[in-house]
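Structure record follows, encoded as structure tokens.
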Number of protein chains: 2
Amino acid sequence: MFVESAINPGRAVPSPFAVQPDSLHALFSKLPAENLSAGKILFLEGDAATSVFEVLEGSLRIFRILGDGRRVITGFLNAGDILGLSFRSHYIYTAEAITPVTVRRLSRKVFEAEVANSAELRPVVFNQMSDEMAAAQDQMVLLSTKNAEERLCSFLLKELQRALKAGAVQPLVHLAMTRLDIADYLGLTIETVSRTMTKLSSKGVISTSGRHSVKVLKRGLLAQLAGDGDECEDGWRPAVAHGERLRH
Amino acid sequence: MFVESAINPGRAVPSPFAVQPDSLHALFSKLPAENLSAGKILFLEGDAATSVFEVLEGSLRIFRILGDGRRVITGFLNAGDILGLSFRSHYIYTAEAITPVTVRRLSRKVFEAEVANSAELRPVVFNQMSDEMAAAQDQMVLLSTKNAEERLCSFLLKELQRALKAGAVQPLVHLAMTRLDIADYLGLTIETVSRTMTKLSSKGVISTSGRHSVKVLKRGLLAQLAGDGDECEDGWRPAVAHGERLRH
DNA sequence: CGCCCCCTTGATGAGATTCAACTCCAGTGG
DNA sequence: CCACTGGAGTTGAATCTCATCAAGGGGGCG
């Protein structure tokens, strides 16, 4: 059950269900499902954060809009994900449906009361928040240091892992979002995303069919091109430049 | 006490003490202080996450090292900050002293037990984690969309706000970290940071004296150059492209 | 005082953005 | 059934910002 707790592996996995899959899920199970059609807003940045959501079906993008109209997508959500934990009084980003979406809504008050009353639930919520934090850190690493190809490969690799974890047998990724979404998520332009996709296709790493379907032909190479293949894996430690460990 | 909860303002503030300043602090108050000299490591990425820390004095950098040796600084910590909340079983980054540092160490087990037993403490811990998440999101926005000047101005502005909040009367910022630290934090090179500093000086926005002292001469212009001056402030809302709100 | 490291400044080049044209596809209505 | 239309994606050429490579200052500490 705690296989996800080894050195790094669970970090990039956005699913909240790596541990104790059911206890959070159960909170929502008796609530009515709500439907959003594609393009509809679930909540806006700046709104009072009154609800926590569970995504039952479909995909959403979460983003912030800057003063000059630029959009930064900070994440995508899919079936099984929980949305709305890491907020104080107001939502710090907008959540919008990419595809038709089904969610369950739990009032924040009830949610907090349930968490307060359940010693089982607390570590699950805590782990969920820690995973979100870890994913944000990964994204910061991607945005600070990776070039266009590395970013796109990282993205495709993560989507592939998600698909496989969700039960896919073929290395086939369905990208619900548009190229512009991917660009805004990776800190690139739509043209650069498109060009890089083309380059990966011509290298034989992937093959695209239609706008939303990508088959991964060379997973190893994809991982290598993603740039963090050997990052701190299996016991590797950064060289300590001029410091010793703190005795304690 | 809840002034920090208005639309956005508290978001970028890393201090955990915006609300209920003392309850977290109190947890650590009876513990012995530990000292680290500059350059010493408090903990390494990948270490078992056994402790939570309170910084009493000094500054630290938290970072990850990539396979090829590149370093990504994901944050800086100062007196009053809490370190080590957002972890699962292992630390996901390294924490290293920039200046001589004094910390108090609380075992994770004890910390979790205390939190479990105190209904007062839980929302404080929760808010602290939410603030960390918000700061991470801000950093993602900075790294995705801002150019070198905007990044540096954002950074200086944040440091200025921290200094003022800490009781500074003059608009004087002390940068404990090196240019390389700033570069690794902002996703730039040391040369670009240096050039941009020079440019801001010659524009009369700031004036530097020595390597670590920066006086902010034109705070308004600095905020404007930071690029998010009018981002969603006072009720501004992003135009909803093709969506309506979900009725609920 | 002198050395070393940190920082600054300059010249060049690579990679991504920008601007622009064109293709492809889905949906619509005649 | 097919032409029309508009959004999404692709491709090309020019531009620009920032990284890289290289050399020179300056401050702090022995």
Side-chain angles (χ1 to χ4, degrees), chain A residues 37-39 61 66 68-73 98-99 142-153 155 174-203 206-214 225 227 241-243, chain B residues 37-39 61 66 68-73 98-100 142-153 155 174-202 206-214 225 227 241-243:
Chain A
S37 52
R61 52 189 158 236
L66 278 68
D68 58 2
R70 286 177 292 188
R71 183 183 68 162
V72 181
I73 293 185
I98 295 176
T99 64
L142 180 144
L143 293 169
S144 325
T145 69
K146 292 188 178 180
N147 64 24
E149 189 176 84
E150 291 172 325
R151 292 183 195 194
L152 193 58
C153 289
F155 174 71
H174 180 80
L175 301 174
M177 69 293 291
T178 68
R179 297 283 187 272
L180 184 58
D181 288 333
I182 299 174
D184 286 350
Y185 179 58
L186 298 179
L188 301 170
T189 60
I190 183 173
E191 292 96 332
T192 301
V193 170
S194 182
R195 270 186 257 273
T196 310
M197 287 285 257
T198 305
K199 191 165 66 172
L200 291 177
S201 291
S202 65
K203 279 187 188 176
I206 61 173
S207 93
T208 61
S209 57
R211 288 170 173 174
H212 294 294
S213 180
V214 176
L225 293 175
H242 48 300
Chain B
S37 51
R61 52 190 157 235
L66 279 69
D68 57 3
R70 283 178 294 189
R71 182 183 70 162
V72 181
I73 293 185
I98 295 176
T99 63
L142 180 144
L143 294 170
S144 324
T145 70
K146 293 189 178 178
N147 63 26
E149 188 176 84
E150 291 171 325
R151 290 182 195 194
L152 193 58
C153 288
F155 174 71
H174 181 79
L175 302 174
M177 70 291 293
T178 67
R179 296 285 187 271
L180 184 58
D181 288 333
I182 299 174
D184 287 350
Y185 179 59
L186 298 179
L188 300 170
T189 60
I190 183 173
E191 293 96 333
T192 300
V193 169
S194 182
R195 270 186 257 273
T196 309
M197 287 285 258
T198 305
K199 191 164 65 172
L200 290 177
S201 290
S202 64
I206 60 173
S207 93
T208 61
S209 57
R211 289 168 173 175
H212 295 293
S213 180
V214 176
L225 293 175
H242 49 300

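Throughout, protein chains are lettered first and strands after them, A, B, ... in sequence-line order, and every chain is numbered starting at 1. These numbers were taken from a predicted model, which means no experiment stands behind them.
Take A/S37 and apply the side chain to side chain donor-acceptor pair (under 3.5 Å) test, not counting sequence neighbours, and it matches A/K40. Shown here are the side chain to side chain donor-acceptor pair (under 3.5 Å) partners of B/R179, two or more places apart in sequence or in another chain: there are none. For B/E150, the salt bridge (Lys or Arg N to Asp or Glu O under 4.0 Å) partners at least two apart in sequence or on another chain are A/R70.
The CG atom of B/L152 sits 6.5 Å away from atom CD1 of B/I206, with the distance rounded to the nearest 0.5 Å. The CG atom of B/L175 sits 8.0 Å away from atom OG of B/S213, with the distance rounded to the nearest 0.5 Å. One distance of note links CD1 of A/I182 with CZ of A/F155; it measures 4.5 Å at 0.5 Å rounding.
Applying the 4.0 Å criterion to OP1 and OP2 of C/dA16, one finds that A/T189 has every side-chain N and O outside that range.
When rounded to the nearest whole Å, the span between NZ of A/K146 and P of C/dG15 equals 18 Å. The interatomic distance linking B/N147 (CG) with C/dT17 (C1') rounds to 12 Å, in whole Å.
Applying the salt bridge (Lys or Arg N to Asp or Glu O under 4.0 Å) test to every pair with at least one member in residues 181-190 of chain A, sequence neighbours left out, gives these pairs: A/R61-A/D181, A/R71-A/D181, A/R71-A/D184.
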For a side-chain contact (heavy atoms from CB on, under 4.5 Å) check, start with the C-alpha distance between A/V214 and A/L200, then their side-chain angles and the critical distance, and finish with the verdict. CA-CA 11 Å; A/V214 176; A/L200 291 177; over 6 Å; no

Name each donor-acceptor pair under 3.5 Å that joins a side chain in residues 192-199 of chain B to protein atoms two or more places apart or in another chain, with its distance.
from: B/T192; atom 1: OG1; to: B/T189; atom 2: OG1; distance (Å): 3.1
from: B/T196; atom 1: OG1; to: B/T192; atom 2: O; distance (Å): 2.6
from: B/T198; atom 1: OG1; to: B/S194; atom 2: O; distance (Å): 2.9

Between the protein and nucleotides 7-9 of chain C, list every N/O to N/O distance that falls short of 3.5 Å.
from: C/dC7; atom 1: OP1; to: B/R179; atom 2: N; distance (Å): 3.3
from: C/dC7; atom 1: OP2; to: B/R179; atom 2: N; distance (Å): 3.1
from: C/dT8; atom 1: OP1; to: B/R179; atom 2: NH2; distance (Å): 3.3
from: C/dT8; atom 1: OP2; to: B/R179; atom 2: NE; distance (Å): 2.9
from: C/dT8; atom 1: OP2; to: B/S194; atom 2: OG; distance (Å): 2.8
from: C/dT8; atom 1: O5'; to: B/S194; atom 2: OG; distance (Å): 2.9
from: C/dT9; atom 1: OP2; to: B/T198; atom 2: OG1; distance (Å): 2.6

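Think of the region where chain B sits on DNA chain D: with heavy atoms and a 4.0 Å cut, that region ends 5' and 3' at D/dC18 to D/dG26.
Taking every heavy atom of both residues into account, A/Y185 and A/L143 meet most closely at O-CD2, 4.3 Å.
The rotation axes computed at either terminus of the helix from C/dC7-D/dG24 to C/dG30-D/dC1 lie 30° apart, taking five pairs at each end and rounding to 10 degrees.
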